[in-house]
Structures are given as structure tokens and as C-alpha cells.
S.K.: 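What follows is a structure written as C-alpha cells; I'll ask about it next.
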Amino acid sequence: MLETEKPLSEPLQVKLEKIKRLRKQGKTLYGGGFAPDAKVADLKKEFDSLEQGQKSGESFGIAGRIIIFRKHGKATFCDLKDSTGKLQLYLSQKVVGEERYQEFNELDIGDWIGVEGHLFKTRTGELSLSVDDFNLLTKSVRILPEKWHGLKDRELRYRQRYLDFLVNPEVREVFEKRIMVIDSIREFLKNEGFYEVETPMLQTLPGGATARPFITHHNALDLELYLRIAPELYLKRLIVGGFEKVFEINRNFRNEGLSYRHNPEFTMLEFYEAFSDYKRLILFTQRLIKYAAAKVGSLEITYRGKGISLSGDWKSLSMTDSIKEIGGLEVGFGMEIEKLASIAKGLGIEISDDFGKGKIIAEIFEVLVEPKLVDPTFITDFPTEISPLAKRNPKDPDLVERFELFIGGEEIANAFSELTDPSEQLQRFRKQSKSSDEEERLSGRIDKDFIKALEYGMPPTGGEGIGIDRLVMVLTDSQSIKDVLLFPLMKPGS
RNA sequence: GGGCCGUUAGCUCAGCUGGUAGAGCACCGGACUCUUAAUCCGGGUGUCACAGGUUCGAUCCCUGUACGGCUCACCA
């Protein structure tokens, strides 16, 4: 027990005394050397059809954590939980002898034990293991949370996630689904011929997105470094280098506020495909997300109380059309900027002086349309002003070849035909770096090495980012990003 | 960072108008050889988040602090 943690409750003190006593008696509390030869789920499957009164011919060894006792004098039932499920153990004094039986009854909920015995079915038909021998593998000192109500306190659940997994089985399912989503995306992309790569987390210029970075320092080089806010500029360098299809699934770090959909570190998929473009990515994205959704369950999902169908062809709308159709407002680049600004102000949007038409339209979109995009919808034709890395629409310089995908009101994907013209890229960066917005300025700090790479020639390329945490939230109907992160950021407890 | 709400036993929760706290699980002692939240008998184990203030008296009222939740802002 941590010495700093005092006073101890009486049940805890009693347990500590007991452990002291067991130690004095020379008992091994932290053992080892027991290798289970079976998993609970496998045994349950194999002996499902066992008749009552019948015993498995073979003896099996399993290991797990005791989660509950039901003691009956000279017989004891308890449930043992391993990574695959729980199995009832039956221990009879007649079988193991009085001394061993006493020792078993000194075990506590939470202890890890290894047991050996035969399988049988109880009177009520529950498959159980009749214990012939057992050993304590690890003594649990602390008292586990309650079996019935589980652990509800969100703070404790996030801070002590291991307990959350122990007593709230549905939490484990969410993370198993998260693992499946990531596995299936990898599988899909690899089948499509993509290489998985790793690009720098520590960057000398935080590029590829607009966000405040975490700043750190390299001692030996006496160099200011930034935790990456996006891998984009490095992945594009690989396209320049002749890799035609690359992806990375990894963490990005953004020094921004927290919310139900923001954690300072989050997992992003970015992939780039030479000779593709945003239109082809629309089709590709549908296939990718449908593939992942099908692997974890179904294309018919529920998110925040709303049924969402991922089947069929997903809707696609330009940003201004969506504002008209869903927001009921007609806006466009043909309007005077003053007019756009006053519409935005009427919606409670704050407009700075350096906002252009594009940024104002995007703000209106965010307020009026975004939350209403429940069924999967691609929004296309983003303003150039807010898309410094995307290729301009050849027919309309105000717009770029870009889309974002929304599901359940959440932004899931962001993709565009990449800007490949080095001089235009330089200009766009320069414009950004003059912005009054501190983050924009920092993000726009010109990565000359990246421009140089473009000067060597990047083939026409489609690139996309998918927020994995958001996608998992939608696919698991999780109300907070913290519920899909194993260890969400928490301030140190008091 | 702003607003609102919360923090009582290891866990889940009660606690009236201010009179120093109580229930289930867990735990401890006892009974019990097929239980399933086993049952039965007995036992309450607490810095009421923390620090001040008001009061004869504070878990309760007030102020501040910490942490969390929701929400707004920033962002994905």
C-alpha cells in the first residue's frame, strides 16, 4: 500500500494484516510457473454438450482472476475470469482435503490463481471446473469495486481503466471494436496496395494543419521541436519520392481545449494515392468505412439516439448547396463580403476583419449545417481560403477540390486533390503566415524543404485524413472521445 | 478559459428546515456439500474533496481551491 495513502479503511487494514500473516506463514503470494493449457471460452465451446453427471476425461489447467465467491461450508463455488470469459469453479473439501480447502478459502476476490481439474455440469446445467489443485499466482491487495453496479464514476473509470475493464464488460467491447476498426482499415489499405509508413512525430515546423502545437526541446541539439499536428507534409514527400500509395495510422498532438470530441492526442489515419483525386476518394472512402463498419457489426448503426444507415450510396453536396438545402440560406461567392458577414453575425458568428468570403461561408456551414449531417454525407467544394494544401478547382478559383465526410454530425474524413504546384503552394503559405490568427501564422510558417520537394515534382495525388477516434465513437455509439481512448488525458488527481 | 452541476464507507447510492451520518455490495466472526447478486445470524469500517467563513452547533448556508461531468469558445 502506498505509504502516502492514509488513513486506510478498516476492510483494507484487515486485508493487509491477512497478507502479513500469509507472508509470515511462508506462503507464496506472487508466484509463477503456472502455464494454463486452456482458455475459458474454448472450454465452454468444447464442453457445451457435456451431459449432467458426466465428467471430462481430460484435466485442464486454466488461470484467471477470482471475481466472486459463493461459499457453502465444505463446498465452494467461485467464478474465474480470464481474457476470454468467466468459468465457475467448484471446490470440494472431500476432493482437495481439509488443509487445501482452508487455503482456498483464504483467497480473496481479485486474486489471480491457476487451477487444474475436470469439467462437469452442475445440477442447474452450468459448465464448471471441479478443482483438483490450485495455486495462488498473484495476491490482490486492494478491494475491487462492486460486482453488481460496477464502476460508474467516470473519473475513476478513466483514471483506473483497468478496473473499468474488470467490472464493466461492455467497456472492453468498445475497445475490442476499436481494435477491429484499426485492423480492418489496415487490412483494407494493404489489400489495395498501400504501404504503411511512419513519419516524424517530432518536427521542426508544425505543418499540415492549423492548430497550436505542443512545444518541446531537444537537449543535445539545443533545438526547439514540435509534436506533430499532422503527418501530411511528410507523407507527401514520400509521394514525391516515388511511393505511390502510403498511409500512416498514428497520433497527432494539438494543444487545444478538451471536449467530448477533442483529446490533446488523437489517432489519425492519413493516406495518399498518386494519380487519384478527391472524386475517386469519395468512392474509396465509402468502401473503406463500410468495410470497417461491417467488420465491427453492421451498416445500420445508432449514434446519439439516431439511427444511421451506412448502406447504399452516400449523399454528396457542395458546401453552398448544403447551406441552401439544409440551412435554408442562400449564400455564395457572388455576394458582397459585407452581406455575408452580416448574415454570419446574424447567426451569432464572430467575424474578424481578415476573414474572406470563403471563411465566412465555411463558418456559416459549420453552424447551420454540420450538426444536421446525420446520415453519411460528403460536403464538397470547400473555399480555397480555408484549404491551403488543396488543389484549386480549375473552373472556380474560389473553390478547391476537397470534401469532408460527416456521419452523425461528426466530421469523420477530410480529403482533397493535393496541391502540386510549388509556386502556388508557396503563395498560399505566405498568405496564411500573414494572418492575424496566431495558430494560422505558426502553421503557415513556410516549410521550405516541403516546397523544394514539390519543386522536384509531386504527381497528381489524392490525400485523405480520417479521425479514427471519431469514427470509433460513431461506430460504437460512444458519447465521449474519452470512452474510445484507453487512457484519456486527465489532470493529475489531488 | 467562461457558465452550470457534482464530489458522503473500497464500490453504488440515501441523508428533511443546520443538531457531528446510513443502506446494499465488499469486508470481519459464525452456520451451511450443486450455488448463480447463494442463504441465514451477528458486526458499520467515514478527514462527508480540501481550506476558510457564518453559527452555540455545518455533510447541509457562504467564499475560495482542487478534480470531474455537461456546455460555450478554440480545434479534428
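Everything numeric in this text was worked out from a predicted model, so none of it was measured.
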S.K.: Which is true for A:Ile412 with a 4.0 Å heavy-atom rule: it touches a base, it touches only sugar-phosphate, or it touches nothing?
M.R.: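 No contact at all - A:Ile412 keeps every heavy atom at 4.0 Å or more from the nucleic acid.
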S.K.: Just call it for A:Gly465: base, sugar-phosphate, or nothing, with non-hydrogen atoms closer than 4.0 Å on any strand.
M.R.: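 Nothing, no heavy atom under 4.0 Å.
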S.K.: I want to verify a distance call: between B:A76, B:G24, B:A26, whose nearest atom is closest to the A:His149 side chain?
M.R.: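 Selected nucleotide: B:G24.
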S.K.: Would B:U35 be called syn or anti, given that syn covers angles within 90° of 0?
M.R.: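 Here the answer is anti: the torsion falls beyond 90° from 0.
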S.K.: Separation of A:Asn105 atom CG from B:C32 atom P, in whole Å?
M.R.: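 Result: 13 Å.
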S.K.: Expressed as a whole number of angstroms, how long is the span from A:Arg70:CZ to B:A26:C1'?
M.R.: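 It is 15 Å, rounded to the nearest whole Å.
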S.K.: Please give the distance between the P atoms of B:U7 and B:G43 as a whole number of Å.
M.R.: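 Between the two P atoms, the distance is 30 Å.
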S.K.: Atom NZ of A:Lys71 to atom P of B:A26: distance rounded to whole Å?
M.R.: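 Nearest whole value for this atom pair: 11 Å.
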S.K.: Using a 4.0 Å heavy-atom cut-off across all strands, classify A:Gln88 as base, sugar-phosphate, or nothing.
M.R.: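 Base, at least one base heavy atom under 4.0 Å.
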S.K.: Need the pair for B:C50. Rule: Watson-Crick or G-U wobble, both distances under 3.5 Å, any strand; none if unpaired.
M.R.: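 Here B:C50 is engaged in a pair, and the nucleotide opposite it is B:G64.
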S.K.: At under 4.0 Å between heavy atoms, what does A:Arg154 touch on the DNA or RNA strands: base, sugar-phosphate, or nothing?
M.R.: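 Counting heavy atoms under 4.0 Å across all strands, the contact made by A:Arg154 is with sugar-phosphate only.
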S.K.: Is B:C70 paired to anything, Watson-Crick or G-U wobble with both distances less than 3.5 Å, and if yes, which nucleotide?
M.R.: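 Here B:C70 is engaged in a pair, and the nucleotide opposite it is B:G3.
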S.K.: Could you measure between the two P atoms, the one in B:U35 and the one in B:C40, and give it in whole Å?
M.R.: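 Comparing P positions in B:U35 and B:C40 gives a spacing of 15 Å.
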S.K.: Can you tell me which nucleotide in B:C67, B:U33, B:C70 comes closest to the side chain of A:His72?
M.R.: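 Selected nucleotide: B:U33.
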S.K.: Partner of B:C16 by Watson-Crick or G-U wobble geometry, both contacts under 3.5 Å, or none?
M.R.: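 Its partner is none (no Watson-Crick or G-U wobble pair with both distances under 3.5 Å).
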S.K.: Check whether A:Phe134 forms a cation-pi arrangement with A:Arg100 (NZ or CZ under 6.0 Å from the six-membered ring centre, at most 45° off the ring normal).
M.R.: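 Verdict for A:Phe134: a cation-pi partner in A:Arg100.
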S.K.: Rounding to an integer number of angstrom, what distance separates B:A9 and B:A49 when you compare their C1' atoms?
M.R.: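 The same atom, C1', in both gives a distance of 14 Å.
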S.K.: What does A:Tyr158 touch in the nucleic acid at a heavy-atom separation under 4.0 angstrom: a base, only the sugar-phosphate, or nothing?
M.R.: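 Sugar-phosphate, no base atom in range.
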S.K.: How far, in whole Å, is B:G68 from B:A37 if one measures between their P atoms?
M.R.: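 Going atom to atom, P in each nucleotide, I get 36 Å.
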S.K.: Does any part of the side chain of A:Leu166, heavy atoms only, come nearer than 4.5 Å to the side chain of A:Tyr162, both counted from C-beta?
M.R.: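 No, their side chains stay 4.5 Å or more apart.
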S.K.: At under 4.0 Å between heavy atoms, what does A:Asp153 touch on the DNA or RNA strands: base, sugar-phosphate, or nothing?
M.R.: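 Touches sugar-phosphate only.
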S.K.: Would you confirm whether the ring centroid of A:Phe284 sits within less than 6.0 angstrom of the ring centroid of A:Phe271?
M.R.: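 Yes, the ring of A:Phe271 comes within the 6.0 Å limit of the ring of A:Phe284, centre to centre.
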S.K.: When rounded to the nearest Å, what value does the distance between P atoms of B:C60 and B:G19 take?
M.R.: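 Straight-line distance between the two P atoms is 11 Å.
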S.K.: For A:Leu258, which contact category applies under a 4.0 Å heavy-atom criterion: base, sugar-phosphate, or nothing?
M.R.: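 Touches a base.
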S.K.: Between B:C50 and B:U59, how far apart are the two C1' atoms, rounded to whole Å?
M.R.: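 Nearest-Å result for B:C50 against B:U59 at atom C1': 14 Å.
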S.K.: With a 3.5 angstrom cut-off on both distances, give the Watson-Crick or G-U wobble partner of B:A37, or none if there isn't one.
M.R.: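 B:A37 is unpaired by these criteria.
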S.K.: Tell me the interatomic distance from A:Leu129, atom CG, to B:U35, atom P, rounded to whole angstroms.
M.R.: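 In whole Å, B:U35 P and A:Leu129 CG are 18 Å from each other.
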S.K.: A:Trp148 stacking on B:G24: centroids under 5.5 Å, ring planes under 30°?
M.R.: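 No; centroid distance or tilt outside limits.
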S.K.: Counting the atoms with a prime plus P, OP1 and OP2 as sugar-phosphate, which does A:Asn263 contact under 4.0 Å by heavy atoms, base, sugar-phosphate, or nothing?
M.R.: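 Base: the residue A:Asn263, judged by heavy atoms under 4.0 Å, touches a nucleobase.
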S.K.: Using purine N1 to pyrimidine N3 plus N6-O4 or O6-N4 for Watson-Crick, or N1-O2 and O6-N3 for G-U wobble, both under 3.5 Å, which nucleotide pairs with B:G42?
M.R.: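 With both distances under 3.5 Å, B:G42 matches B:C28.
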S.K.: Would A:Tyr234 and A:Gln203 count as a side-chain hydrogen bond (donor to acceptor under 3.5 Å, both in side chains) here? Give the steps.
M.R.: CA-CA 10 Å; A:Tyr234 285 93; A:Gln203 303 183 345; 5.3 Å; no
S.K.: I need the NZ-C1' distance between A:Lys147 and B:C11, as an integer number of Å.
M.R.: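 After rounding, the gap between these two atoms is 12 Å.
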S.K.: Here's a test of your reading of the structure: between A:Phe69 and A:Lys152, which maps to the more 5' nucleotide of RNA chain B?
M.R.: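 Its nucleotide being nearer the 5' end, the pick is A:Lys152.
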S.K.: Would you please indicate if the ring centroids of A:Tyr272 and A:Phe194 are separated by under 6.0 Å?
M.R.: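 Judged by ring-centre distance (under 6.0 Å), A:Tyr272 and A:Phe194 do not meet the cut-off.
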S.K.: Just checking A:Tyr291 against A:Phe188, ring centres under 6.0 Å apart?
M.R.: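 So the answer is yes for these two rings.
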S.K.: Between the base of B:U36 and the side chain of A:Glu126, is one N or O donor paired with an acceptor at under 3.5 angstrom?
M.R.: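 Such a pair exists between side chain and base.
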S.K.: Whole Å only: how far is the CG atom of A:Leu89 from the P atom of B:U36?
M.R.: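 Going from CG in A:Leu89 over to P in B:U36 covers 17 Å.
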S.K.: Take atom NZ of A:Lys74 and atom C1' of B:C34, then tell me their distance rounded to the nearest Å.
M.R.: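 So the NZ-C1' distance, A:Lys74 to B:C34, works out to 16 Å.
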S.K.: Starting at the 5' end of RNA chain B and moving along, which residue's nearest nucleotide shows up first, A:Ile109 or A:Asn414?
M.R.: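 Between the two, 5'-proximity favours A:Ile109.
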S.K.: Using the side-chain heavy atoms of A:Arg159, tell me which of these nucleotides is nearest: B:C70, B:G68, B:U33.
M.R.: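 Of the candidates, B:G68 comes closest.
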S.K.: Would you say the ring centroid of A:Phe382 lies under 6.0 angstrom from that of A:Phe403?
M.R.: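 Ring-ring flag for A:Phe382/A:Phe403: false, centres at least 6.0 Å apart.
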S.K.: Would you mind pulling out the nucleotide paired to B:A58, Watson-Crick or G-U wobble, both distances under 3.5 Å?
M.R.: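 By the stated definition (distances under 3.5 Å), nothing pairs with B:A58.
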S.K.: Rounding to an integer number of angstrom, what distance separates B:C13 and B:U17 when you compare their C1' atoms?
M.R.: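 The same atom, C1', in both gives a distance of 23 Å.
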S.K.: Of the nucleotides B:A26, B:C74, B:C34, which has the atom closest to the A:Glu256 side chain?
M.R.: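 Nearest to the side-chain atoms of A:Glu256, counting from C-beta on, is B:C74.
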S.K.: Reckon A:Met268 touches a base, only the sugar-phosphate, or nothing at all at heavy-atom distances under 4.0 Å?
M.R.: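 The answer is nothing, as A:Met268 stays clear of every strand by at least 4.0 Å.
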S.K.: Show me the donor-acceptor pairs within less than 3.5 Å that the side chains of residues 82-91 of chain A make with the rest of the protein, sequence neighbours left out.
M.R.:
residue	atom	partner	partner atom	Å
A:Asp82	OD1	A:Thr84	N	2.7
A:Asp82	OD1	A:Thr84	OG1	2.7
A:Asp82	OD1	A:Gly85	N	3.2
A:Asp82	OD2	A:Val40	N	2.9
A:Thr84	OG1	A:Val40	N	3.3
A:Thr84	OG1	A:Ala41	N	2.8
A:Gln88	OE1	A:Arg70	NH2	2.6
A:Gln88	NE2	A:Ser128	OG	3.0

S.K.: Do any side-chain nitrogens or oxygens of A:Arg123 fall under 4.0 Å of OP1 or OP2 in B:C34?
M.R.: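 The answer is no; no side-chain N or O of A:Arg123 sits under 4.0 Å from OP1 or OP2.
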S.K.: Base, sugar-phosphate or nothing for A:Ile68? Non-hydrogen atoms, less than 4.0 Å.
M.R.: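 Sugar-phosphate only.
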S.K.: How long is the line joining CD of A:Gln13 and P of B:G44, in whole Å?
M.R.: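 These atoms are roughly 16 Å apart.
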S.K.: Would you say A:Lys482 reaches B:G69's phosphate, i.e. side-chain N/O to OP1/OP2 under 4.0 Å?
M.R.: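 Checking A:Lys482 against B:G69: at least one side-chain N or O falls below 4.0 Å of OP1 or OP2.
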S.K.: Counting only side-chain heavy atoms from C-beta out, which of B:C67, B:G10, B:A76 sits nearest to A:Pro11?
M.R.: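 The answer is B:G10, which lies nearest to the side chain.
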S.K.: Using the C1' atom as the point on both nucleotides, what is the distance between B:A58 and B:U63, in whole Å?
M.R.: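 Nearest-Å result for B:U63 against B:A58 at atom C1': 14 Å.
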S.K.: What's the closest nucleotide to the side chain of A:Glu146 if the choices are B:G10, B:U36, B:C32?
M.R.: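 Out of B:G10, B:U36, B:C32, the nucleotide with an atom closest to A:Glu146's side chain is B:G10.
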S.K.: Using a 6.0 Å distance limit plus a 45 degree cone around the ring axis, check whether A:Arg154 lies over the aromatic ring of A:Tyr260.
M.R.: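 Negative - A:Arg154 is either too far from the ring of A:Tyr260 or too far off its axis.
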S.K.: So does A:Tyr101 reach the base of B:U33 with its side chain, donor to acceptor, closer than 3.5 Å?
M.R.: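 There is none.
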S.K.: State which of B:A76, B:C34, B:U33 makes the closest approach to the side chain of A:Lys94.
M.R.: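 That would be B:U33.
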S.K.: Look at the side chain of A:Gln93 against the base of B:U33 and say whether a donor-acceptor pair falls under 3.5 Å; ignore hydrogens and angles.
M.R.: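 It does not, because no donor-acceptor pair links the side chain of A:Gln93 to the base of B:U33 below 3.5 Å.
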S.K.: If you measure only the distance, is there a donor-acceptor pair under 3.5 Å linking the side chains of A:Thr267 and A:Arg178?
M.R.: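 Checked: A:Thr267/A:Arg178 side chains pair up, N/O donor to acceptor below 3.5 Å.
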